[in-house]
Structures are given as C-alpha cells and as structure tokens.
Amino acid sequence: MSRPKAAIIGVGELKPCRVTDGASTLGMLAQASVLALHDAGIDKADIDGLLVGPQVGETPQHVPATVAEYLGLQPSMANVVDLGGASGPGMIWRAAAAIEAGMCHTVLCVLGNHRNQDALRSPNRNPIREFDVPFGASGANATYAQLKQAHMAKYQSKDEDFALITQWARHNAQHHHHAIFNGKPCDANDVLQSPLIAEPLHLYEIVMPVAGAEAVIVTSVTRAQTINNPAAYLLGAGEKVTHRALSQAPDLTSGPLKPAMAHAFKQSNTSVFDMSLLSLYDCYTIMVALTLEDSGICPAGKFGDFIRSNTLGYDGSCPLNTHGGQLGFGQPDLAGGMTHVVEAVHQLRESATGRQIPSAKYALVTGNGATLSEAVALVLGSASVVLGKPGVGR
Amino acid sequence: MKYTHFANLKVPGPTKTPLTEPFWQAAAKGELHTQYCERCHSYVFYPREVCPFCWSNQLTWCQLSGQAKIKTYTTIWKPGHPSWAAVTPYTVGVIQLAEGPSMLALLLLEREQLEIGLPVSFKTINLGGQMMPAFTIPEDQYHDK
Ligand SMILES: [Zn+2]
C-alpha cells in the first residue's frame, strides 16, 4: 500500500431545490462551508487553503478572492478549478498536491450555484457591485490612488520618488524593442507634468493597456536535463490572498506580497539580497514602492531613498524590471504579469540580448491582482546555481 | 447645496440583494445600519450570510453611530465609468467606522479639507435617485434639499 496523500475529514450539503429566488451563490457557499466545518469538528482558523469553481454566479474574475473575502478567510493557497463536472474530484488532488507542496495544510473545496425563476435578473451580485462601483470608484485607478495617498500620508513619501519608478521603467524600455515605450523615454519631471487621473496618481504612473500574449512552458528538472536548451528553475514560491475590495484590506501600506515573498525566499533558501534581478509587478508606481518595502530590501517608507541610491538598469547596482516593466513595456491584460516571468527566464538563461545582466543567478518575480489583494512570488534560479555549471546551448 | 447635481447622475446603482435590503432601507431614511454578530460581538460590514470572523449566523441588524475616520481617499478627475464625468472632480475614500468595519463612500469635503485620520460623520446623498452613504465633516451644514 502506498502512503495516503490526504484525508477527507468533513462534508456539507444543502438540500437541493428548483428555485432559490433572491439567494446569492456566495451565501449558499458559506452555508455549505459551515456545515462541512461542523462535520469535521475543526475550527475555522484551521482552514488556510481554498479551491472554488469559476461560477459563483456573481463575478467572472477574482473568484477566489471574492469567496475568501466573503468567508473572512485569508488563504495561503487559492485557486479556481475549472473542469466542468470533474471539478469536484479535481479539487481533491489539487488540495493534496498543495499540501504536499507546503502551501497550506487544510483546504476548503466548495462549489455551488443559485437558480432564479426569473432568468433575466442580473446575476451580477458581488459586494463590489453593491458597495464600491455605485460610488464612482470603479476601475483600478481609484484603488491604487488611495494606496499611494495612504503611503504618502504615513511616510511623507514624495511624488518625485514615485516618478523615478516610471523614469527607470521607461529607461529600461529603451533596451527592449518589444516595449510600447521603446523610443519614448521620459524623466521624472515629465511624469509629474502628466495629467492627474485620480489624485495623487498621474497618467504616466499608470500602465498603458495593450494587446499581446505571453507563453511559458514548464517541465520537470529531470526532463529539462534531457533538452539541449538552457533553462531557468523554480526554487521557491509563495501565495497570499487577503481581501477583494480595498475597503476590506487589512493594511493599506503593506500587501499580501510580503508573506508571499517571505515564503518564496524561505523555500528557496535565499534572501532578496541574493537576487540578480527584481522582476516586480508594476501596474502602478505605488505597486513597485510597496513591493520593494515588503521584500525587505529597504525599510518601510524608504523606497525613495533606495531608488535614489541605486541604478536600476540591466548594468546597474540593482536591476529592476529590465524589460521596462509593464510601465515601460505595456500591459497586455492578464498576460502583463507573465512578462515579468518571461524577462526573468531570459536573464537567467543569458538570452536577454542587448540588456543582459552579467552572470545572473537568481530572480525574484512577483504578481499582484485586484486591489493589492492576490499575490504570488517566485524565486527562479539559473542553471549555474542549480546544476553548478553554466547553461548549455544558446 | 453643492452636491444637488449628483441627483441627476445616471450611473450604475447598487446591486441589492434580499440579505442587504435592510442596509438600503435604512440609508433611504438617512441612517447607517449593518449587522452585529451576537456570538463574537463584532460589527460586520458589508452584510453577509455568516459572520466573517467566527462563521456564526447569529447576525442581527443595528444602527451605527455614523462616526468615522478617513483611512485614505482619492479625488477623481478621470472616472472609470464615463457617466461620472459630469461631476468631476469628486472624492471617494475608505473610512473606518467607530464600531470597527471599513467601507468605501463618497466624501463630501473640499479638497483642502481632506486628510487621513480626519473625523467624519455619516450622511446620505441622492445619487441619481438612490440614497447612498456619504461622509462629511460633522459640523458641515450641507442639506440635500
Ligand atoms: Zn462572529
């Protein structure tokens, strides 16, 4: 007999009915979850993982954060399992795999949907649509403006410091011919002169939406050795989801990337000071500021001092977003986050033509979703650090 | 007076549910109501089926003091929804209610009055015919008629 991978310790079920007039799917998921919790005889605080289906009947995106926020959970692993009728069974092995991977220890797997008599009724019933959008606060600009405001008030950080983040992004974009701002550098003064969109955010502190696509192929370390092509290696990962709407954020000047990065560093037995490249998600300047501070590379509130005492180009003292970041490269929708992975792989394989960091060993990659809500951090390593020899092929 | 033109806005309204209906009925009367958990003695906003802190369903409705502080804010010049352009610049912010929970709301203050930590108090504003939560400085003489 092989070793069991996981145990199922509790179940919950609502009585099926034809019509649930007025009920929300979120409410139903909550009711079933409470039943399962009682059945298992454990405490709510024991749950630190969450697997949900893509249909909560309310939102097409950010579903795990929506459900987690509703249930008051801050899972260290959150995902959608989107396999139709196989989704339920599919959740069980993912939960076991996530536990084996050390991301969490107790996973809530939950599926459900409401069913209205009147199919024409708007299915869009998430809390954001009820308690955020009606105040004229739709879109990410209002959110990240409020995060920047909170940082400036708490730490007396300066507009000029934020503007330097865009200046460096545009600088680095001059070395990547795919970048939307290649051929269009700008300095901090240009940023400060650009129009206010949502105070204190200026236009040039906000990514430009573009069309595009990014692809990444991942395989096993063993299999990678049989391929005559250099590889980058996943050495550690971390994940954290804390809320959905900004109003429910536990902290406005530190985000879920902080524990996610700490987890990735611990798994990979590295620190931020080992990194050859910081490939940090940069939807807005404030996001880079918060991530630098949460990474521990500088004290909280001191990102400005850090940037002014470093050079952030590929040949600089602290290479950061050498592809230009999304502020310089453009944001191809959800693929924008993947640009940070692709650039890190290029640098670690020494295929970043025209902007190669000399003997790059480690890269920190971060991703961020919603309103400083959903965070993933990766530590990637080069062949030289993993295999003790330089990458082959080219 | 200053905000009477908000009544003419044609913008997306709240997607109410039967569960949250008491909140909106109270807002229509100019009051701020939310849920209170009888088990762990926490105030819960936004209203839910179960308490997010202890998962109890022993939630009752109660009126809040309406006293709050600004946690953060932004004055919006280019709104995410084009219909809001009619009233720019306007200000929204996250406010911390005296009872604990945080919520987003319109802030009916002059830009030079805005400050994180500033005490504010609840009032409602007519947004395209829907009475919506807003906050202003307590001594403000603003009336929505
Ligand atoms: Zn409770």
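So you know, we letter chains A, B, ... as the sequences are listed, proteins then strands, and number each from 1. In this text the structure is predicted, and so the values were computed from the model without any measurement.
- For L252(A), the part lying under 4.5 angstrom from a heavy atom of chain B is the side chain only.
- Only the backbone of A249(A) comes within contact range of chain B, judged by heavy atoms closer than 4.5 Å.
- For the residue pair E205(A)/T285(A), the side-chain donor-acceptor check at 3.5 Å is satisfied.
- Heavy-atom distances place the side chain of Q248(A), and not its backbone, under 4.5 Å from chain B.
- In this structure, chain B has no heavy atom under 4.5 Å from any part of L203(A).
- By the 6.0 Å contact criterion, NZ on K258(A) is open, its count of non-hydrogen atoms from other residues, nucleotides or ligands being 12 or less.
- Checked by atom type and distance alone, the side chain of Y284(A) pairs as donor or acceptor with a backbone atom of N141(A) at under 3.5 Å.
- With a 4.5 angstrom heavy-atom cutoff, L73(A) touches chain B only via side-chain atoms.
- Of the listed residues (F53(B), F6(B), F23(B), F45(B)), the one with the most heavy-atom contacts under 4.5 Å to chain A is F45(B).
- Of the two parts of T143(A), neither the backbone nor the side chain holds a non-hydrogen atom closer than 4.5 Å to a non-hydrogen atom of chain B.
- The contact between E69(A) and chain B is made by backbone and side chain atoms together, counting heavy-atom distances below 4.5 Å.
- Looking at I76(B), both its backbone and its side chain come within 4.5 Å of chain A, counting heavy atoms on both sides.
- Remark: K123(B) fails to qualify as a cation-pi partner of F135(B) under the 6.0 Å distance and 45° angle criteria applied to the six-membered ring.
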